[in-house]
Amino acid sequence: MKRPRGLATRQRRRLRQNGSATQLKTLIWIDDYEPGLTVYQALAESLGVRVLTASSGKAGLVLVASHRADAVIVDYEMPVMNGEAVAKLIKANWPELPVILFSGSSLLPGRVKHFVDAVCDKAGSRDSLLSAIQRVLVTKDHQPPPISEVSSGQQRIA
C-alpha cells in the first residue's frame, strides 16, 4: 500500500542536493505579533524548513541558545528588547548565524544594518521575503553548537 505524498515528502524532495539528502534547515522567527507568527511559520515552512517561533526577544534568544539554527528572522519593533538588541546579541555570540530583520517600520536606524544580513519590509512582497530566507540559508554553512546562556553586559539571558 502506498503512503500519500504529504508535506514531509515534499520537504525531503526540496532538500535533496546532488542526489543526497541534507539535514532539515531550522529557522527561528521572533516577532511580538503572535497571530502573525503562525502565518510566517507556514510561509517559511513552504520552503521546506523547520520553524521555531518566539514572541519576545528574550524568548527568541533562549531558542537560539538551545537549538541549532540556520538563520533567525527578527521583528524590529518589539517591547522590552527590540530587533536591534536581539541582532546585536546574536552576532556577539553566534557571528556566523544569519539574521534577517523583518520590519514594518520605515524609520530604521542605519546602525541596525551592521548587525543583520538582510532587511525585509513587512509590507513588501512575499517573494522578496522568501528569496532573502533562501539566500541566507544557502550561504549558511555551519554554526557552532549552542551555548547554554547568553550574556549582555549586566543582563543575563538564560
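Worth saying up front: this structure is predicted, and the values here are computed from it rather than measured.
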Determine which pairs satisfy ring-ring contact (aromatic ring centres under 6.0 Å, His included) with at least one residue from residues 108-132, sequence neighbours left out, and list them in order.
none
Test side chain to side chain contact (heavy atoms under 4.5 Å, CB included) on Val99 and Leu101 and set out the steps.
CA-CA 6 Å; Val99 177; Leu101 185 68; 5.8 Å; no
Mind listing the closest non-hydrogen atom pair of Ala44 and Leu27 along with its distance?
CB-CD2, 3.7 Å
Just grab all the ring-ring contact (aromatic ring centres under 6.0 Å, His included) pairs involving residues 31-64, residues at least two apart or on different chains.
Trp29-Tyr40, Tyr40-Phe102
Taking only residues two or more places apart in sequence or in another chain, which ones pass side chain to side chain contact (heavy atoms under 4.5 Å, CB included) with Ala92?
none
With a 4.5 Å limit on heavy-atom distance, are the side chains of Ile100 and Val119 in contact?
no
What distance do Leu37 atom CG and Ser55 atom OG have between them, rounded to the nearest 0.5 Å?
6.5 Å
Should Thr53 and Val51 be marked as a side chain to side chain contact (heavy atoms under 4.5 Å, CB included) after you check the CA-CA gap, both sets of side-chain angles, and the distance that decides it?
CA-CA 6 Å; Thr53 63; Val51 180; 4.0 Å; yes
CG (Leu97) and CG (Asp70) are apart, to the nearest 0.5 Å, by 8.0 Å
Tabulate below the donor-acceptor pairs under 3.5 Å that side-chain atoms of residues 71-89 make, not counting sequence neighbours, or state none.
from: Asp75; atom 1: OD1; to: Lys122; atom 2: NZ; distance (Å): 3.4
from: Glu77; atom 1: OE2; to: Ser105; atom 2: OG; distance (Å): 3.1
from: Asn82; atom 1: OD1; to: Glu84; atom 2: N; distance (Å): 3.0
from: Asn82; atom 1: OD1; to: Ala85; atom 2: N; distance (Å): 2.9
from: Glu84; atom 1: OE1; to: Arg111; atom 2: NE; distance (Å): 3.3
from: Glu84; atom 1: OE1; to: Arg111; atom 2: NH2; distance (Å): 3.4
from: Glu84; atom 1: OE2; to: Arg111; atom 2: NE; distance (Å): 2.8

Working for side chain to side chain contact (heavy atoms under 4.5 Å, CB included), residues Arg50 and Gln41
CA-CA 8 Å; Arg50 180 175 88 147; Gln41 181 176 17; over 6 Å; no
Nearest heavy-atom approach of Gly60 to Ile28 is O-CG2, 4.4 Å
Taking side chain as C-beta onward, heavy atoms only, is Val49 less than 4.5 Å from Thr26?
no
Looking at Val136 and Pro98, what are the two nearest heavy atoms and their distance?
CB-CB, 3.7 Å
Compile the donor-acceptor pairs under 3.5 Å between side chains in residues 126-134 and protein atoms, sequence neighbours left out, one pair per line.
none

Salt bridge (Lys or Arg N to Asp or Glu O under 4.0 Å) with Asp117: which residues, sequence neighbours excluded?
Lys91
